[in-house]
Asks: 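Please see the structure below; I have some questions.
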Amino acid sequence: MTRVRFAPSPTGYLHIGGARTFIFNWLHARHQGGVVVLRIDDTDVERNTQTSLDSIYEGLQWLELGWDEFYRQSERLDLHRQAAWAIFEKGLAYRDFTPASATPENPTEGWLFNPGMRELSREESDRRADAGEPFVLRFRVPRDSRPEVVVTDLVYGVVSKATGDLEDFALLRSTGMPTYHMASCADDADLRITDILRGQEHLANTFKHVLIFEALGVEVPRMAHLPLLMAPDGAKLSKRVHGPVVSVTTYRDAGFLPHAFINFLSLVGWSPKNDREKLSRDELVELFSLDGINRSNATINFTDEEPFDPKALWLNAEHLRALDIDDLARQLVPYAHEAGFTNATPEKLRAIAPLIRERIRLLSEVGTVADFFFVEPKGYDPAELIPKKGDAAMAAEALRKSKEVLSTVPAFDHATLDEALRAAAEELSIKAGQMFQPIRVAVCGRKNSPPLFETLEVLGRDTVLTRLDFALGIV
RNA sequence: GGCGCUAUCGUCUAAGGGUUAGGACGGAGCCCUCUCAAGGCUCAAAUACGGGUUCGAAUCCCGUUAGCGCUACCA
């Protein structure tokens, strides 16, 4: 049984890199019919915050992928400590009494261990510990008996590191708290994690982890490291320097569909190798394979002006267009309210949805694309009313004529409107387009809009006539 | 500095010894059209650099350069 885990630490917001790691884990597990474990790696008490934890839940819940088991490392500290001391008992770890301030002597030089501590006798070590002297528990890297540590990564292939280049890393801090390496491996072993998919920044840590797993006497899980997500400036994505664009909730708030967002992220660093781009969640589960994962970092393409990767936008638009009208209308409701359209009822949105479905890339764009369905367009420049190759007089004439026609037309539907308005244009000896533009601007407040007749139909005769009057007054 | 990893159009990627180096987004143009979209068609756009190996290299090897990561009692 495949068991994977996603192990965020609540020291920051859930950003899209973390989300992608979760997605890949989820996809991998579901593809194999396995189990997804969510584990909060909160052993760094100093930096943990509740808001980070909330942000992680919020982001993860929005993805609608779910998980099967849940753990918090802070509730499993005894397990981690027991594991660490088991390693110590086997002689594979030792107490280091060097004060913390003295350890990082010179970070630019290869530090391996603090002098004198490795070879402390068990008796002396116990004695000093009993006397209350603080210490960290360090792993005793077997540099003499073993030339290198070899890992076969499912993405990066065989990678190895000389033990002579591996420092004696800490297992337990002087506070007794486990380090990330210790807690992570003890938990992975205890939770019987079979496949570890995580960011490539952990590739170098993997050698240490292999040593820990071996010391624990457990099988080393399969490893698959994922290429990192970078910002266009070449730096790793970070909330501090790149702003809210890296936060999952930003995508949610802008009106991404969760499965479109998942679709986008799944395609960065991974390829189904069949030129497919728009993929449903089920298709992703079926197609997902570690073979398709890349080894090089990928850049998310955003700018200050456009915070979302154009491809993410396009994919979202694709998924939006694939939604059925009722579903789309339902999803639009909160965004219409957010835009300030207090009169945006589900019924009205249901009527508008077909008109904007192919014109929005984000659900929030209902606010800019469909505004005139909810508020009177009055701020436009009267010059906009003037049709191409026409003048103000032509605009006024077209407006007057359309008012006359629209107030008497027998039905207010597409076919009737189409026929009546075209006939009116002919009567005035102007082109249909010259007839339509003043109406469009009067009714929508701008030159770009959904198709005119459908728009008029949704707006209704009274509203349309009122707006034509207003336009006539300013033209 | 040491160690590890990586390098194909602007971006995401396919091709893993033999292809006119393919697709997608974005860009440009044309068509469709009541505007805007959507849709259709077309075009521009890449194997980091230098050496090998080979009949043949984007692909294998070495070097250079660049980027990223690790080098903590952070994760």
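Protein chains get the first letters and strands the later ones, always in sequence-line order, with residue 1 at the start of each. Only heavy atoms go into these numbers, but all of them, side chains included; no hydrogens, no water, no symmetry mates.
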Asks: Which listed nucleotide (B/C5, B/G23, B/C68) is nearest to the side chain of A/Y156?
Replies: B/C5

Asks: Centroid separation under 6.0 Å, is that true for the rings of A/F264 and A/W314?
Replies: no

Asks: Validate the cation-pi geometry between A/R20 and A/F24: distance from NZ or CZ to the six-membered ring centre under 6.0 Å, angle to the ring axis within 45°.
Replies: yes

Asks: A/I293 CD1 to B/G16 C1': how many Å, rounded?
Replies: 18 Å

Asks: Ignoring backbone atoms, establish whether A/N294 has a side-chain N or O less than 4.0 Å from OP1 or OP2 of B/U13.
Replies: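 For A/N294, the contact criterion (side-chain N or O under 4.0 Å from OP1 or OP2 of B/U13) is met.
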
Asks: Should the pair A/R461 and A/F412 be classed as cation-pi, given the thresholds of under 6.0 Å to the six-membered ring centre and 45° from the axis?
Replies: no

Asks: If you check every side-chain atom of A/Y180, which of B/A75, B/A72, B/C68 has the closest atom?
Replies: B/A75

Asks: Which part of the nucleic acid, if any, lies within contact of A/T43, taking any heavy atom under 4.0 Å across all strands shown: a base, the sugar-phosphate backbone alone, or nothing?
Replies: sugar-phosphate

Asks: Check every strand shown and say whether A/M230 touches a base, only sugar-phosphate, or nothing at a heavy-atom separation below 4.0 Å.
Replies: sugar-phosphate

Asks: Heavy atoms only, 4.0 Å cut-off, all strands: where does A/K236 land among base, sugar-phosphate and nothing?
Replies: sugar-phosphate

Asks: What's the CG-C1' distance between A/L267 and B/C25, to the nearest Å?
Replies: 11 Å

Asks: Please find out if less than 6.0 Å separates the ring center of A/H225 from that of A/H202.
Replies: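 Aromatic pair excluded; centres sit 6.0 Å or further apart.
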
Asks: Is any side-chain N of the basic residue among A/R361 and A/E365 closer than 4.0 Å to the acidic one's carboxylate O?
Replies: yes

Asks: Expressed as a whole number of Å, how far does the C1' atom of B/G26 sit from that of B/A46?
Replies: 15 Å

Asks: For A/V268 and for A/T11, locate the closest nucleotide of RNA chain B by heavy-atom distance; then report the residue assigned to the nucleotide nearer the 5' terminus.
Replies: A/V268

Asks: Counting the atoms with a prime plus P, OP1 and OP2 as sugar-phosphate, which does A/G199 contact under 4.0 Å by heavy atoms, base, sugar-phosphate, or nothing?
Replies: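 The residue A/G199 makes no contact with any strand.
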
Asks: For a 4.5 angstrom cut-off between non-hydrogen side-chain atoms, does A/E306 reach A/F308?
Replies: yes

Asks: Are A/F113 and A/F139 an aromatic pair, judged by ring center distance below 6.0 Å?
Replies: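 When the ring centroids of A/F139 and A/F113 are compared, they turn out to be at least 6.0 Å apart.
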
Asks: Using 4.0 Å as the upper bound for N to carboxylate O, is an ion pair formed by A/D371 and A/R446?
Replies: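 The answer is yes: the pair qualifies as a salt bridge.
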
Asks: Once you round it to whole Å, what is the distance between P of B/G27 and CG of A/N301?
Replies: 12 Å

Asks: Quick one: A/Q200 CD to B/C3 C1', roughly how many Å, whole number?
Replies: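 Computing the A/Q200:CD to B/C3:C1' distance gives 14 Å.
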
Asks: Tell me what A/H225 touches on the nucleic acid: a base, only sugar-phosphate, or nothing, going by heavy atoms under 4.0 Å.
Replies: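 Result for A/H225 = nothing.
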
Asks: Would you measure the distance from the P atom in B/G50 across to the matching atom in B/U65 and give it in whole Å?
Replies: 15 Å

Asks: Quote, to the nearest angstrom, the P distance that separates B/G52 from B/A57.
Replies: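 B/G52 and B/A57 have their P atoms separated by 12 Å.
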
Asks: Atom CG of A/L172 to atom P of B/C74: distance rounded to whole Å?
Replies: 11 Å

Asks: Please work out whether the ring planes of A/F256 and A/Y251 are parallel, tilted or perpendicular, with thresholds of 30° and 60°.
Replies: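 Taking A/Y251 first and then A/F256, their aromatic rings sit tilted (interplane angle of 30° to 60°).
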
Asks: When the C1' atoms of B/G27 and B/G10 are compared, how many Å lie between them, rounded to an integer?
Replies: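 So the two C1' atoms sit 9 Å from each other.
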
Asks: Please give, in whole Å, the distance from B/C73 P to A/E46 CD?
Replies: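 From A/E46 CD to B/C73 P: 14 Å.
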
Asks: I want to check a possible cation-pi pair here: A/R76 against A/Y71, using under 6.0 Å from ring centre and within 45° of the ring axis as the test.
Replies: yes

Asks: Closest-nucleotide mapping onto RNA chain B: is A/D309 or A/A235 further toward the 5' terminus? I mean the 5' end.
Replies: A/D309

Asks: Consider the side chain of A/P310, meaning its heavy atoms from C-beta on, and name the nucleotide among B/C70, B/G26, B/G23 that approaches it most closely.
Replies: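 For A/P310, the side-chain atoms sit closest to B/G26.
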
Asks: Without decimals, in angstroms, what is the distance between A/I56 CD1 and B/A75 P?
Replies: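 One finds 14 Å between P of B/A75 and CD1 of A/I56, rounded.
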
Asks: Describe the nucleic acid contact of A/T179 in one word from base, sugar-phosphate, nothing, applying a heavy-atom distance below 4.0 Å.
Replies: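 Since only primed, P, OP1 and OP2 atoms lie under 4.0 Å of A/T179, the category is sugar-phosphate.
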
Asks: Counting only side-chain nitrogens and oxygens, does A/R276 get under 4.0 Å of the OP1 or OP2 atom of B/G22?
Replies: no

Asks: When the P atoms of B/A37 and B/C31 are compared, how many Å lie between them, rounded to an integer?
Replies: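 My reading of the P atoms in B/C31 and B/A37 gives 15 Å.
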
Asks: Could you tell me whether the phosphate oxygens of B/A75, OP1 or OP2, come under 4.0 Å of any side-chain nitrogen or oxygen in A/S184?
Replies: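 So the side chain of A/S184 is outside the cut-off, no N or O lying under 4.0 Å from OP1 or OP2 of B/A75.
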
Asks: Could you give the CG-to-C1' distance, from A/L229 to B/U11, as a whole number of Å?
Replies: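 Rounded to the whole Å, the gap is 12 Å.
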
Asks: Return yes if the base of B/A75 and the side-chain atoms of A/N205 contain a donor-acceptor N/O pair under 3.5 Å, otherwise no.
Replies: yes

Asks: Which base sits across from B/A57 as a Watson-Crick or G-U pair, both distances under 3.5 Å?
Replies: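 Partner of B/A57: none found under 3.5 Å.
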
Asks: With P as the reference atom in both, quote the distance from B/A21 to B/A48 in angstrom, rounded to an integer.
Replies: 15 Å

Asks: When you check every protein heavy atom under 4.0 Å of nucleotides 33-39 of chain B, what one-letter string (B, S, -) results, 5' to 3'?
Replies: -BBBBSS

Asks: What distance, rounded to whole Å, do you find between the two C1' atoms, one in B/G23 and one in B/U8?
Replies: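 Looking at atom C1' only, B/G23 and B/U8 are 13 Å apart.
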
Asks: Is a donor-acceptor pair below 3.5 Å formed from side chain A/K311 to base B/A24, judging by atom type as modelled?
Replies: yes

Asks: Among the nucleotides B/A7, B/G2, B/A14, which one has an atom lying closest to any side-chain atom of A/D165?
Replies: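 Of B/A7, B/G2, B/A14, B/G2 is nearest to the side chain of A/D165.
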
Asks: Give me the distance, rounded to whole Å, that separates B/C74 from B/G16 when you measure between the P atoms they each carry.
Replies: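 Roughly 46 Å separates the two P atoms.
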
